[in-house]
Every structure is written in structure tokens, then in C-alpha cells.
Amino acid sequence: MTTSATLLKTIAPPGLDELCINTLRFLAVDMVQKANSGHPGLPMGSASMAYALWDRSLKFNPRDPEWPDRDRFVLSAGHGCALLYALLHVTGFDLPLEELKRFRQWGSRTPGHPEYGKTPGVEATTGPLGQGLANGVGMAIAEVALAARFNRPGHQIVDHYTYVLVSDGDLEEGISSEAGSIAGHQHLGKLIVLYADNHITIEGSTELTFTEDRMARFASFGWHVQRVERSNDVEAVALALENAREERDRPSLIAVRTHIGFGSPRKQDTAAAHGEALGVVEVRLTKEGMGWPVSPSFHIPEEALEHFRRAVARGSVAQVEWESRFKAYAQQYPGLAAEFQRVIDRRLPKDWDTDMPTFRAADGPMATRVASGKTIEILGSRLPEMMGGSADLGPSTHTNIQGAGNFEPENWAGRNMHFGIRENAMGAILNGMALHRGLIPYGGTFFVFTDYMRPPMRLAAMNSLPVIYIFTHDSIGMGEDGPTHQPVEQLIGLRSIPGMAVLRPADANETVAAWRVAIGRKQGPIALVLTRQGLPVLDLGSYPAIPAGVPLGGYILADSPAGDRPDIILIASGSEVHLALEGRDRLATEGVQARVVSMPSTNIFASQPDVYREKVLPTGFPLLVIEAGSSLGWRSYVGPQTAVIGIDTFGASAPGPIVMQHFGFTVENVCKQAHHVLNQLKEKASCA
Ligand SMILES: Cc1ncc(C[n+]2csc(CCOP(=O)(O)OP(=O)(O)O)c2C)c(N)n1
């Protein structure tokens, strides 16, 4: 056991443990009852094991919830958050009792499920079951990766555990197998999962749906598994935790036989305890049955509070001890110490983007995925905190950092990750890595398979996490694999996630500019949407607006050829920008002046000041949008004098150029539609 772990151990006298546990239970019961909404059952059943962890071993400082080497605790079963809020309050985080009384109310710091950034001490937003477990795997990966990079003999400056509390629902979700398998494979020995094995889900007993041997399942993933039969046996749980901490080679699952709604005479061990307030009568009966004062509610016995609050002194001692170790480290390795601070603070090194590549038209066509790969190679050498990979599509997504090695049990310093074909877990692991801090996590797959990782992407956006996604094979233009592999609705799908930046560059140089945006973005995820097929390179000499234009989301790539006010504006993203440019040239020969607006990111463009947007797309102008994706978003985006060449069916299996042609992505159709828009306008004018 480490020195700090020894320091943390302050066993309560007999009787006090129970008092503390009941304090947690009844705070949760009263919170849910007052809100008349929430989940009392899990907190009542799991309070004892959570207490064993928080009281006996969790390394945290309530006065500094962000301290880098704290243990991480994720409540994956987010519906049980009343338990977490109770723990945060009693141990001395900045979460007053008043906030517990405002559980689930507008503007409170105790929302209906834990929200990262809203409540001090909440390490991850949880609620969608299974995600928190995979976040924990990501945090544990970040811990070993940073330890491999920064620790030196005799200087363990990165040395903490990641704990996750899961429920049946977490383990039923497929992501638990995806993430569990990765954790076992990677030998993440400092990941410890407490499982509230209460045999109950919403529809009733787990006998209805969940009869596999969970322990055998996790053992087969390479986990160390233990069972504790009596959840109220704090010593037994503490011992299991101790064993788990000592097991450094395998992640640990501790299944604790808990009882949902523990103590409730009529609801314990039933689904009725899961998702609604116990009710006034049942609260009274439960309190009476357990010797707890029926009123006042939110009662916290003084001895219990005093015991819990020792966490403040304990946390401060642990943090001071770490800080003195860090000081010694900084004396011996000043460069490394400064670098550690830099990555934890998410600061970029000076000159990180000085040698970004520039591509030339003369070099021939290049797929944007290839340009992205070349950019990653350079960025990867400049930014050692970049770490990521692909869901078994690395050779296609070009996500490898040359020479950076594979992240694997024998080499946790490796930065190229192999997630296997596990998109959902990949997304959630990236979130965990970002939540941990110290890394710039990225992950890639085919664009169409974002459908498999939407839940973690949504959470990344909700949590403003700087995660970078690299999605290739971005449209029907990818060709022969057919409609199953051709994204259509994915662009609008991702664009509709609040806070998600979606950037679909038109060529190699826009791709480089897109990467600058991605790396420079401190808050919120960004998806780079890239082609499989080669595209002409837009020379910066001919298109000088690219570097400054891409960060604005949309910009004038090529204005009216005659230099006057254009007759029509052609808006396109990605590969269709080239079609727009060809259309512009052809239309000029037909007497129509067209401006081409490249719109790699509708949502970044939407956040620009009105003046700028008006300059690029003046109100009321005739518009033609060309984008190989659902037209739905564009219809609301642009005005009445508008046509959209989009795709509102699934694609088809054939070579890419043929598919594009069949769906109307041709210069002829661009010109035809442009004339159509203009003719309609003329007709309207003559009728008026
Ligand atoms: C992905 C996802 N699907 C469904 C739900 C809705 N839901 C909340 S809790 C729960 C299951 C409850 O069972 P369990 O996980 O065992 O929790 P307990 O009953 O022990 O509180 C479900 C289906 C959810 N939160 N996340």
C-alpha cells in the first residue's frame, strides 16, 4: 500500500460507519422525496459500498476537486446521483445542503443526472447507461499513458486509481463489453469497478433479461473479479477494494450484492424502489424501521458530519504530499514538469503549427483523408499529447502517427491506439481521456459508422470536451461499397448536435486549415469529415482565402468572375466545392455570374457575426446549395430563392463517379439548377 493510501485510512468506530451510511441513504431519500422525482433505490442499496470507497481509500481533496493526481470516481449509474450529491456535500465539496434540497430544480447544482462542470466533484456526465464505465476506461488509459510519459524512477507524479460504480443496466449495455474487453486487453490494473448487483432493473428482476455469468464474462476479458455477498459489510467491501488496488496487472470488478431500496419495508428488492420517490408514508416507515428521525428531513448527525469532513484534512495532506513530490520532480526534471503543467492546462506549445504542410495543385489529386494523415504526422511530432487511433480502420482513416508506437500493455508510452471494431467504446474512451486531461484524444472511423458512436459524441458536446473525430468515406462519392457504407443523413445528424463542430474540407489545403481549427479548439468536440476519393488541390496562390476562411466556417472562395455583383451564389462543402467551381466557370460562359462560397462548417459559420455572414451570403440572394448529403438542414438555412442539390434517399452501389452522376452531382445539373433558380426569380418579378 502506498504512503498516501495509509494516510487515508481512518476507520470509524463501530456504529459510526452505519450512522454515516444511513446519513447518505436518507439524504438521498429526502432529496428524491422533496423533488418528488428521481431514483432512491440505488443510493439506498449502494450507500454502504460507496462509503467504503470514499471513506477508506478514495484519494480526493474536496477543496481542490481538480487536483491532477486525485483518484477519479465515475458514477456510471447516473440515475443514482442523489448518492453522489450526498457524498459530495458531507465530505465538504462546495455543494451546500441547500443545493441538495433543490435536487432536480431549475438552476440547481444537483441536476437530475450528474453533469460535468455543473457540480464540483462530478467527474463525468452520466445517465446514458454504460457510457460512464467506458469513460472510466478512458481515464485509466490516460493515467497509464501520462505515467509512462512523465514518471521517472523514484518520481511517481502520475499515480492514481480510477473507480467506477456501475449497475445492472451499465453491464447489460453492449458498450460495457466493448470497453471491458479493451480494459482487460490493456491490463489496466488501476481501474476498479464496483458493481451494484441488486438483481433489479426497471421492468423487474434481472431474471427477465440478464442471466449470463457476469463474473465469468469479465474474467474472460482478463479482469480480476471478486464478489462481496453482504453490501453492508463495510470491511468486506474495503478488503475487496484493497485486493483490487494491489492487483496491478488486471482491472478489477467487485460485484457487491446490494439491495435496491435497502430498508424500505415495502419496496426493498423491488423495481418500485428504482425510479420514483418512496412516498411520504414509506419514507416514514423506512426511517422508523432504521431508527432514523422522521423529521426534520435532510438530517445529518453531527458525529457523521464530523467523520465525513475529515476528508478535507485527509485530502489536503494527500495533495500537499503530492505537491512536495512534484516539487522534487520539478527540480530534477524542470522541462518535464513544465511540460506536465502545460498538457494538464491544455496549453499548446509555442510554434506548434509552424511547419504545417501546404499542398499544390501540380502534385495531383489527393483525398482529404490522405491530406489529414499527412497533417497528423506533422502535428503528432509537435504535440506529444496527441493520442488516438481508429476502430480498426487505421489504414483507411489515416489516423496513425508515424513512429509514435502502439499503445499496448508492453508500451503505454505508445500513442497509436487500436480500439478494435468498437465505435461506441472508442467515443466514450476518448471522452474519458479528455475528462482526465493531459491528452488531445482523437479517433476515427468511416463517417457512416458515427451512428454507432453517437451517444458518446453527444456527451462530448454536452461536456464541451475537446475531442477530435476523423471521419472518412464521407459521401456517396466513396462508391462501390454501396448504400450501407454511404453516409447521407450523418452530416445533418452531427450538425444538429448542439456544440458539435462539423468540418468538411474541400481539399488538402482546407484540410490543413481544418486541423488548425481542431487543435486550436479548447472547448467542444469537432468532427473532420473527409473523402475517400482523390480531389483536385486548390492552390493557395489561386485561392488565397482558404487559411483565413476555413476557421470562419464559410467564406468566399471564388467571387463573380466579372468582378461585379454575382447573379447567384453557389454554396458547397467538401468534394462538391469543385463542382461549384466548375459550375461557376461554365455559367460564366452562359452569361451568369456566380460566386462560390465554400462552407466547410455550417455551425461555425452560424456563430460568426451578422456583418460577416451578410457579406458572404447577402440576404435575399439567389442560392444554389450543392452537398452530397440530406438537403433537410439546408432548406431551413437558406432563403426562398434557393435550390438544393442533395440526397434524400439512400445511395447505391457503383463506382463513386457513376453514383455521383446519377444523383445529379454534375456540372450540367449545377448549371441547370442555377438557371432554374434565376428563371423562377424572373417569373416572379414579371408577375409582380
Ligand atoms: C442507454 C440507456 N438506456 C435506458 C436508460 C433508462 N434507464 C435508467 S435506469 C435503467 C435500468 C435500471 O436498472 P439498473 O441499471 O439495474 O439500476 P437500478 O434499478 O439498480 O437502479 C434504465 C433502463 C438509460 N438511462 N440509459
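Start at 1 and go down the list; that is how both ligands and their atoms are numbered. If you're wondering where the values come from, they're calculated on a predicted model, not measured in any experiment.
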| query | Is there at least one pair of N or O atoms, one from I260 and one from ligand 1, spaced under 3.5 Å apart? | reply | no

| query | Does P128, backbone or side chain, put an N or O under 3.5 Å from an N or O of ligand 1? | reply | no

| So which of E203, H113, E173 gets nearest to atom 1 (C) of ligand 1, if we judge by its closest heavy atom? | E173

| task | State which residue, out of N431, N135, T125, fulfils the side chain to side chain donor-acceptor pair (under 3.5 Å) condition with N463. | result | T125

| Side-chain donor-acceptor pair present, S76, D170, cut-off under 3.5 Å | yes

| query | Does any non-hydrogen side-chain atom of Y51 lie less than 4.5 Å from one of F308? | reply | yes

| task | Please state whether A77 comes within less than 4.0 angstrom of ligand 1, counting heavy atoms only. | result | no

| request: Give yes if a backbone or side-chain nitrogen or oxygen of T201 is under 3.5 Å from a nitrogen or oxygen of ligand 1, and no if not. | output: no

| said: Quick check: D170 and ligand 1, any N/O pair under 3.5 Å apart? | reply: no

| Based purely on interatomic distance, does L129 place a nitrogen or oxygen under 3.5 Å from a nitrogen or oxygen of ligand 1? | yes

| said: Check contact between H39 and ligand 1, using heavy atoms of the residue and a distance below 4.0 angstrom. | reply: no

| Would you call the rings of F449 and F446 parallel, tilted or perpendicular, where under 30° means parallel and over 60° means perpendicular? | parallel

| query | Can the ring centres of H199 and F210 be said to be less than 6.0 Å apart? | reply | no

| Do R56 and E235 sit within salt-bridge range, that is, some charged N less than 4.0 Å from a carboxylate O? | yes

| field | is_close_aromatic(H39, H274), centroid dist under 6.0 Å | value | yes

| query | Looking only at heavy atoms of G127, does any of them come nearer than 4.0 Å to an atom of ligand 1? | reply | yes

| query | Considering only protein heavy atoms, which is closest to atom 17 (O) of ligand 1, and at what distance to one decimal place? | reply | H79 NE2, 3.1 Å

| remark: In this structure, atom 22 (C) of ligand 1 is nearest to the protein heavy atom I202 CD1, 3.4 Å

| Crowding at CD, E203 (>12 non-hydrogen neighbours, <6.0 Å) | no

